Amino acid sequence: MSKIKDVSFILKKYTYKRPFCIAYSFVAETENIEIEVVTENGVIGYGESAPSFRINGETPEMILALESKVREMILGKEIRHYREIFSITDKLTSSPSLKAGVQFAIIDALCREYGIGVWEFFGGVKTEIETDRTVSVRPIEERINEALEIYRDGFRVIKIKVGENLNEDLEAVYKIYENTKGCRYIVDANENYTPKEAVYFAKKLYSGGIDISVFEQPVNRYNLEGLRYVRFDSPFPVCADESVKTKYDALRLIKEEAVDMFNIKLMKSGILDAIAIVELAKTANIRLMIGCVSESSIGINQSVQFACGMGCFDFCDLDSHLMLEENDFRGNFRQIGSKMIVK
Ligand code: MN
């Protein structure tokens, strides 16, 4: 048997190589909390919580303050009976990134005890995924240069942040498209267009001959009618991100026929809800992408293992660790250009 003997929270600070800017919000540094779960056999499982105030209303201080609560929840619990532990830790509803980090650390410890890769635990469908890289909201010239750099580094899926200035966004997407041929594009407005602006934006790009693979969260997260309007009135697949955190959100979006795709992030959902959202999506013919918040290599590893194991993601937006200054790479995967390989 392998019961949990100890759990510890370790605060880590990271600086972004360049400030990461989305519409009306930017980050220059981040504080993540590493979670270590130690079993009575001395095996350590590693997880990371990347709290997001914008998405989840979380702060690092809130996560750290929950350490004794988490100890109370999981100490002495048998990791082989992880579903029982998950039903307890799923109660961390106001700190989903902590839920994700703790749950992953438990699975990581379990897999180390079993001698299997976490990607195999999740189903072992793929050994390799391809990530995009993201272009920030900046002056147009800088957006084009950033996209060119990403293109020259061999990335062929480019995510473009928009939502602050419709005309500049159109110009930036046009110019990036012209200069990076043969790529697929994800455009993410992070909730900042009105439904009418979003439809105008999409139709303008379409009539200019530009194909967008994913139009992510064009309008406010709670505006499901708005999402539905954009979905059926624009030529590109519309994807929920901020709108889909729990499995209940996913069910609601399906019932409302609001979107074509879900962007799953472990930091929004934890492990069990992420799995539930995958299954709901498959049932409803919703396509899937996986995204990240501000995870370092040890935290992005969680999503790489999940994405390879589940093998169900059409797009992987797992580039946060590539934006951070980090002394040591600590993922359980190899990063070769855009490829992330678990075996
Ligand atoms: Mn997004």
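Atoms considered below: every heavy atom in the structure, side chains included; atoms not considered: hydrogens, waters and symmetry mates. In each ligand, atom 1 is the first atom listed, and ligand 1 is the first ligand listed. Because the structure is predicted, anything quoted here is derived from the model rather than measured.
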Crowding at NZ, K196 (>12 non-hydrogen neighbours, <6.0 Å): no
Centroid separation F121 to Y114 less than 6.0 Å: no
Check: F26 ring centre within less than 6.0 Å of F20 ring centre: no
Any residue meeting side-chain contact (heavy atoms from CB on, under 4.5 Å) with K12, in chain and number order, not counting sequence neighbours: I10, Y14, E34, R330
Which donor-acceptor pairs under 3.5 Å do side chains of residues 334-343 form with protein atoms, sequence neighbours excluded?
from, atom 1, to, atom 2, distance (Å)
Q335, OE1, H321, NE2, 2.8
Q335, NE2, G337, O, 2.8

If only protein N, O or S atoms under 2.8 Å count, total around the Mn ion (ligand 1): 3
Residues forming a ring-ring contact (aromatic ring centres under 6.0 Å, His included) with F306, sequence neighbours excluded: F122
